[in-house]
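Atoms within each ligand, like the ligands themselves, are counted from 1 in listed order. Here the structure is a predicted model, which is why all the values come from computation and not from measurement.
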Amino acid sequence: MSETHAEFDVVVIGAGPGGYVAAIRAAHHGLKVAVIEKDARLGGTCLLRGCIPTKSLLHSADLLRDLRQAKEFGILAGNVEVDFAGVQRARSKVVSKSAAGVDYLMRSNKVSVLSGTASFVDPHTLRVEGKSPTTVRAKHVVVATGSVPRPLPSLPVEAPYVVTSDELLEFPKVPRTMAVLGAGAVGVEFASVFRSFGAEVTVIEMADRPLPIEDEDVGREFARIYKKRGIDCRTSTKLTASRRVDAGVELTLAGPDGESKLTVETLLVAIGRRPVVESLHLERAGIAVDKDGYIPVDPLLHTQAAHIFAIGDVIRTPWLAHVASAEGILVSDVIAGKNPAPLNYLQTPSCTYSDPEVGSVGLTEKAAIAKGYAVKTGKFPFSAVAKARIGGHTDGFVKIVADKKYDEILGVHILGNHATDLIAEACVAMRLECTTEELANTIHAHPTLAEGVLEAAHATLGKAMHI
Ligand code: FAD
């Protein structure tokens, strides 16, 4: 067993989208950088068990949908069948390629990769336990250890009956019946995928609509579209009891119509995630976590120890890969003395990659009113957008929430095909404190889905063109 004592300007713990991006940025600043990763592959949750593999499954599901609809467009695709093993092979291939890409980035940026589980020995020393245990010294440390799924306390994970997203991703076949507990982004994405591949899916959500953090109009319309797809979306419904039975899992639900029982082959528990801090021994670095296990940070993401930073899912900011990466860039700029400004989390896009997609940024209508704005809104349906009609994806809309006084855009909410790409324009607009008038005066290409954004800006001013 080797034992070395290297010294680095920056040691990053965790090679997810927060950690590996922080490392690259620090290397760009000319700093000597190491990343410690306990997983056999680099990329973290996002690349190995989150963003990338789920989108691969969704892509296969979208292909299936399009092939089944192809006849409407004069294309005869014959008898379309699903080879689920092939779907899983495509997922595995894109994950492996992406993980190899992160390896390459580490090498090309001269970032040392140390394999093993890191823990603090003292505020500047880290122990790495793995095949070749080692100890490293760090002038600065970035903790980017991410999160893991939160299981249901009453029913432990037992694949294939009770699973989290980690196990479901690896399923060799599509269950006949499936319940999804929690209609947040992860829950509805899996509901979408497995419904597309033929499962009977029931979504159980305590709030009165799916995607409860999104604008109310989005959540309600999303529920309607899911119903149309044959997904049973039980909102205002609580799980009161659950037990393993021969056929799978029996759930007792309390909903608006009283108590009911539901038996399914597979239950996906998608009730949230918890930060990963347990093996770090943060106390040896003088850091205490909060009541839910998150690492407290200031606006520039310093922890209680000024030379130690925390980023990504391990802090109380949105569980999103692009947030983790933006935080990684920020802390490396702080370490390099570049004096960056704190991130504006209100300008973070939030995306749900189901069928239909949701992309949003800024305040919902309700939140804007609660903040005391005099609010005006404009909404434009994709059914009136030529490009959406051409592609046959007319569900959904673009909604803009703006301030009546100064016309500033406060929030943009898009439901529909390609919403997660379309939201980028709204992010730039909000970053530049754009008004709806400026957005409406920006020439948009025709025919494009982005005309939905343009028309919603016109609608906010009271005069949409094509409706
Ligand atoms: P992680 O990606 O979790 O990486 C942390 C890394 O730290 C891991 O590799 C872990 O092995 C390592 N580690 C932990 N402890 C130690 C230790 N002591 N020593 C060494 N290494 C350690 N976000 C989006 O923006 N878009 C999406 O489409 C999206 N889809 C998702 C789908 C699913 C099913 C899930 C579960 C999540 C999804 N997310 C998505 C969320 C996204 O994956 C996370 O927000 C993101 O991965 C967080 O990045 P991170 O760098 O903070 O942590």
- Query: At a 4.0 Å threshold, what atoms of ligand 1 neighbour a non-hydrogen atom of Ile36?
  - Reply: 20 (C), 21 (N)

- Quick one: does ligand 1 sit under 4.0 Å from the side chain of Ala324, the backbone, both or neither, non-hydrogen atoms only? side chain

- Any heavy atom of Val323 under 4.0 Å from ligand 1? The part involved is neither

- Query: Ring centres of Phe197 and Phe84 under 6.0 Å apart?
  - Reply: yes

- Task: Show which atoms of ligand 1 fall inside a sub-4.0 Å distance from at least one heavy-atom site of Gly312.
- Result: 52 (O)

- Item | side chain to side chain contact (heavy atoms under 4.5 Å, CB included) between Ser350 and Glu214, worked out | CA-CA 9 Å; Ser350 167; Glu214 297 292 348; 3.3 Å; yes

- Query: Should you measure from each heavy atom of Gly146, which atoms of ligand 1 turn up under 4.0 Å away?
  - Reply: 1 (P), 3 (O), 5 (C), 52 (O), 53 (O)

- Task: State the atoms of ligand 1, each with its element, that fall below the 4.0 Å cut-off from a heavy-atom position in Gly44.
- Result: 2 (O), 4 (O), 8 (C), 9 (O)

- side chain to side chain contact (heavy atoms under 4.5 Å, CB included) between Glu167 and Glu158: does it pass, once the steps are laid out? CA-CA 9 Å; Glu167 295 78 32; Glu158 185 192 347; over 6 Å; no

- Message: Under 4.0 Å from a heavy atom of Lys55: which atoms of ligand 1 are those, numbered in the order shown and with their elements?
- Response: 27 (C), 28 (O), 29 (C), 30 (N)

- Does Arg273 reach ligand 1 with a nitrogen or oxygen that is under 3.5 Å from one of the ligand's nitrogen or oxygen atoms? no

- Should the heavy atoms of other residues, nucleotides or ligands under 6.0 Å from CD1 of Ile213 be counted, would the total exceed 12? no

- Task: Using a strict 4.0 Å cut-off to heavy atoms of Ala144, name the atoms of ligand 1 that fall inside it.
- Result: 5 (C), 6 (C), 7 (O)

- Judged by heavy atoms only, the candidate from Gly14, Gly18, Ser119, Ala321 nearest atom 51 (O) of ligand 1 is Gly18

- Message: Please determine whether the number of non-hydrogen atoms from other residues, nucleotides or ligands lying under 6.0 Å from atom CZ of Arg316 exceeds 12.
- Response: yes

- Item | With sequence neighbours excluded, residues passing ring pair (Phe, Tyr, Trp, His ring centres under 6.0 Å) with His29 | none

- Message: Test of understanding: given a 4.0 Å heavy-atom threshold, classify the contact between Ser147 and ligand 1 as side chain, backbone, both, or neither.
- Response: backbone

- Message: Using a 4.0 Å heavy-atom cut-off, which part of Ser279 comes near ligand 1: side chain, backbone, both, or neither?
- Response: side chain

- Give yes or no for whether the N/O distance cutoff of 3.5 Å, strictly under, is met between Leu320 and ligand 1. yes

- Are His413 and Glu365 linked by a side-chain donor-acceptor pair shorter than 3.5 Å? no

- Within-cut-off N or O pair, Arg49 and ligand 1, under 3.5 Å: no

- Query: What's the shortest distance from atom 46 (C) of ligand 1 to any protein heavy atom, and which residue and atom give it?
  - Reply: Pro17 CG, 3.8 Å

- Task: May I ask you to check whether His322 has an N/O atom sitting below 3.5 Å from an N/O atom of ligand 1?
- Result: yes

- Item | Close approach of Ser325 to ligand 1, heavy atoms, under 4.0 angstrom | no

- Task: Between Gly50, Cys46, Ala22, flag the one that comes closest to atom 43 (O) of ligand 1 by a heavy atom.
- Result: Cys46

- Message: One thing to verify: whether Arg65 and Asp355 come together as a salt bridge, which I'm taking to mean a side-chain N less than 4.0 angstrom from a carboxylate O.
- Response: yes

- Query: So, Arg127 versus Thr135: side-chain donor-acceptor pair below 3.5 Å or not?
  - Reply: yes

- Item | Residue Thr117 vicinity, atoms of ligand 1 by number, heavy atom under 4.0 Å | 18 (N), 19 (N)

- Item | Heavy atom of Glu189, distance to ligand 1 below 4.0 Å | no

- Query: Relative to ligand 1, is Val276 under 4.0 angstrom through side chain, backbone, both or neither, heavy atoms considered?
  - Reply: side chain

- Query: Which heavy atom of the protein is the closest neighbour of atom 10 (C) of ligand 1, given with residue, atom name and distance?
  - Reply: Glu37 OE2, 3.4 Å

- Message: Counting non-hydrogen protein atoms only, what is the nearest one to atom 41 (C) of ligand 1? Give residue, atom name and distance.
- Response: Trp319 O, 3.7 Å

- Note on the structure: heavy-atom search around atom 4 (O) of ligand 1 in the protein gives Gly16 CA, 3.5 Å

- Task: Would you check if the side chain of Ser92 reaches a backbone N or O of Gln88 as a donor-acceptor pair within less than 3.5 Å?
- Result: no

- Query: Of the backbone atoms (N, CA, C, O) and the side-chain heavy atoms from C-beta on, which set of Thr145 has a member under 4.0 Å from an atom of ligand 1: side chain, backbone, both, or neither?
  - Reply: both

- Message: Using a 3.5 Å cut-off on N or O atoms only, is Gly43 in polar contact with ligand 1?
- Response: no

- Message: Around atom OH of Tyr104, are there more than 12 heavy atoms from other residues, nucleotides or ligands closer than 6.0 Å?
- Response: no

- Item | Those atoms of ligand 1 less than 4.0 Å from some heavy atom in Ile13 | 17 (C), 19 (N), 20 (C)

- Using 4.0 Å as the upper bound for N to carboxylate O, is an ion pair formed by Asp9 and Lys139? yes

- Message: Check whether Ser332 reaches the backbone of Ile329 with its side chain - one donor and one acceptor, N or O, closer than 3.5 Å.
- Response: no

- Message: His124: which residues meet the ring pair (Phe, Tyr, Trp, His ring centres under 6.0 Å) condition with it, sequence neighbours left out?
- Response: His307

- Message: Check whether Arg274 reaches the backbone of Arg150 with its side chain - one donor and one acceptor, N or O, closer than 3.5 Å.
- Response: no

- For atom 29 (C) of ligand 1, the protein heavy atom that lies nearest, with its residue and separation: Cys51 SG, 3.3 Å

- Message: Go through it in stages, so that I can follow the logic: the residues are Thr364 and Asp215, the test is side chain to side chain donor-acceptor pair (under 3.5 Å), and I'd like the CA-CA distance, side-chain angles, deciding distance and then a yes or no.
- Response: CA-CA 5 Å; Thr364 62; Asp215 190 271; 4.7 Å; no

- Before signing off on this row, confirm whether Asp313 and ligand 1 have an N or O atom pair separated by under 3.5 Å. yes

- Message: Tell me the contacting part of Leu280 for ligand 1: side chain, backbone, both, or neither, using a 4.0 Å heavy-atom threshold, strictly below.
- Response: side chain

- Message: Check for me whether the distance between the ring centres of His302 and Phe309 falls short of 6.0 Å.
- Response: yes

- Can you pull out the closest protein heavy atom to atom 19 (N) of ligand 1? Residue, atom name and distance to 0.1 Å, please. Ala118 N, 2.9 Å

- Message: Quick check against the 3.5 Å criterion: does Glu265 have a side-chain atom that pairs as donor or acceptor with the backbone of Met178?
- Response: no

- Item | Heteroatom proximity flag, Thr45 to ligand 1, N/O under 3.5 Å | yes

- Query: What protein heavy atom sits nearest atom 13 (N) of ligand 1, and how far away is it?
  - Reply: Lys38 CE, 3.9 Å

- Message: Strictly distance-based, threshold 3.5 Å: is any side-chain N or O of Glu189 a donor or acceptor partner for the main-chain N or O of Tyr353?
- Response: yes

